[in-house]
2 protein chains.
Amino acid sequence: MEKAGKHIGGIPEPTLRRLPKYIDLLKELQKTKIKYVSSNFIADKLNLDSIQVRKDLAVTGIIGKPKLGFDLDELIRSLNHTLNWDNLNDAFLVGVGSLGSAIIGYSAFSSYGLNIVAAFDNDPQKVKKTINGIEILPVTKLAEMIRRMKINIGILTVPAESAQAIAEEMVEAGIKAIWNFAPIHLSVNKDVIIENLLLTQSLGLLTHKLSAKLKKDSMLMFTNH
Amino acid sequence: MEKAGKHIGGIPEPTLRRLPKYIDLLKELQKTKIKYVSSNFIADKLNLDSIQVRKDLAVTGIIGKPKLGFDLDELIRSLNHTLNWDNLNDAFLVGVGSLGSAIIGYSAFSSYGLNIVAAFDNDPQKVKKTINGIEILPVTKLAEMIRRMKINIGILTVPAESAQAIAEEMVEAGIKAIWNFAPIHLSVNKDVIIENLLLTQSLGLLTHKLSAKLKKDSMLMFTNH
DNA sequence: TAGATTGTTAATCGATTAACAATC
DNA sequence: TAGATTGTTAATCGATTAACAATC
């Protein structure tokens, strides 16, 4: 019963967001002969602070070796484990438009813990087709199949108008986490995990920063002489 | 020369990330008869704190009306202006794979300040085709056309291996901001704006939270009786 | 006027950064 | 051993939240 007692909060979200970057970098390194990697090296490559990198890696439970750094293979394993990427999480995708197709077509997700089992659409033209080995089924079968196959993850790539309804159907059928690409706020029972991926959120940052920079640059042109 | 003096920092990034959500919600509201919206209403719909919403909206410079709230149309305009979405920013996309095609195919970007002028690929099969009215050109023409058309934004949807090289070519030719979808850290001159959109970053959050939840739930099953 | 809502100033909280001891 | 690197404890910084006065 060691270390029982109160469960102290989870991993900070900013930290979680950096973990995939570490993994991508470290996998690159794996192609070389390097066996150990220091927090300083990682920080340098990713433009981060080495203290922050050490703090981040610490959440995975890995213990580094003073003077050497972290064992590369072990580090990748711990990071993957923290994200649960050492398991394959079964998922259904709904909405086989261009974005949905792109996601189904991206085979690399299996390295990131995601196994898309089937896709659903309401367009009869698309049904029965197969993309990347993944069958497209009529959306009328969605709920029944979620129940039957005990699927936990739903990927929502439908238009905004249908997103809430499909989300509700998913949750009703037992989906525990939704990866939502529709630009709309889903209201569901609060113990369902919703992860929104809004392309426009990222785009907004870009366009805002760009316009701020262009404005600043043109001001400098006038004041600097 | 009013209000000259030191330029105080920009808008906090967490705030910027919430602005598109406000816009999406408010555009929905625009379809109704509603003319004014309160911070409380918004907070309630998006599961946020109303104080936070007011603070966020304040960065756009809008001034609300006590007792009424914010003028809906005006609010949308200020939000769009803050993100520079009231301008169309020209962009080139490189890498017409499934994700690149999906992005080109998504016409709605024009409501979010993005105008994809042309796409580039090194596959002769894809070149000369047109998606959503956007022509696909050989990547050999990229640099020259960036210069000629004075394009500021580059969208990178190439495989990780080619991303750094294309990024360098873009920057060399005068690109000022890169929207990067390749799972790799780009090293470029630090005054180039890089906005990374890593699908796996978002996915990692989802899989981590899900596994934490499933673990917690199964623990409860044992301790609760 | 009374009451709802904004907007500002202050308090809290959590993440980042710094300082430094521990270790191989 | 000396030196590089980890890991912990403390300080700083910035975003969120709270308190409250201003306004229509």
(request) Tell me, yes or no, whether the heavy-atom count around A:His185 atom NE2, taken from other residues, nucleotides or ligands under 6.0 Å, exceeds 12. (result) yes
(message) Taking atom NZ as the centre, does A:Lys27 end up with more than 12 heavy-atom neighbours from other residues, nucleotides or ligands that are less than 6.0 angstrom away?
(response) yes
(request) Using whole Å, report how far CG of A:Leu75 lies from C1' of D:dG7. (result) 15 Å
(request) Measure the distance from CG on B:Leu68 to P on D:dC24 and round it to the nearest whole Å. (result) 11 Å
(request) May I ask you to list the residues of residues 37-45 of chain B, by number, that have any heavy atom positioned under 4.0 Å from an atom of DNA chain C? (result) B:Ser38, B:Ser39
(message) Salt bridge or not between A:Lys213 and A:Asp217? Use side-chain N to carboxylate O under 4.0 Å.
(response) yes
(message) For DNA chain D, please output the secondary structure as dot-bracket, reading 5' to 3'. Pairs are Watson-Crick or G-U wobble, both atom distances under 3.5 Å; mark crossing pairs with [ ], other-strand partners with |, unpaired with a dot.
(response) ..||||||||||||||||||||||
(message) Keeping B:Asn180 on the side-chain end and B:Ala182 on the backbone end, is there a donor-acceptor pair under 3.5 Å?
(response) yes
(request) Return the value, rounded to whole Å, for the distance between atom NZ of A:Lys67 and atom P of C:dC24. (result) 12 Å
(request) Tell me which nucleotide among D:dG7, C:dT23, C:dT6 gets nearest to the side chain of A:Phe70. (result) D:dG7
(message) Distance check needed: D:dG7 P versus A:Lys65 NZ, whole Å only.
(response) 10 Å
(message) Is any side-chain heavy atom of B:Thr15 closer than 4.5 Å to one of B:Lys55?
(response) no
(request) Can you tell me the distance, in whole Å, between the CG atom of A:Asp71 and the P atom of D:dT6? (result) 13 Å
(message) Can you measure A:Leu19 atom CG to C:dA15 atom P for me and round it to whole angstrom units?
(response) 13 Å
(request) Going by the side-chain contact (heavy atoms from CB on, under 4.5 Å) test, name the single residue among A:Val96, A:Leu93, A:Ile116 that passes it with A:Ile134. (result) A:Ile116
(request) Provide, to the nearest angstrom, the distance between the CD1 atom belonging to B:Ile11 and the P atom belonging to D:dA15. (result) 12 Å
(request) Over all heavy atoms of both residues, which pair between A:Leu206 and B:Ala177 is shortest? Give the atoms and the distance, please. (result) CD1-CB, 4.0 Å
(message) With heavy-atom distances below 4.5 Å as the criterion, would you say the side chains of B:Glu195 and A:His208 are in contact?
(response) no
(request) Might you point out which heavy atoms bring A:Leu83 and B:Thr207 nearest each other, and give the distance in Å? (result) O-OG1, 2.7 Å
(message) Do A:Asp56 and A:Ile11 have side chains that approach each other closer than 4.5 Å (heavy atoms only, starting at C-beta)?
(response) no
(message) How many whole angstroms separate atom CD1 of B:Ile62 from atom C1' of C:dT6?
(response) 12 Å
(request) Please examine the side chains of A:Gln30 and A:Leu72, heavy atoms only from C-beta on, and report whether any two atoms are closer than 4.5 Å. (result) yes
Under 3.5 Å, which protein N or O atoms sit close to an N or O of nucleotides 16-21 of chain D? Give each pair with its distance.
| residue | atom | partner | partner atom | Å |
| --- | --- | --- | --- | --- |
| D:dT16 | OP1 | B:Arg18 | NH1 | 3.0 |
| D:dT16 | OP1 | B:Arg18 | NH2 | 3.4 |
| D:dT16 | OP2 | B:Arg18 | NH2 | 3.1 |
| D:dT16 | O5' | B:Gln52 | NE2 | 3.1 |
| D:dT17 | O4 | B:Lys55 | NZ | 2.9 |

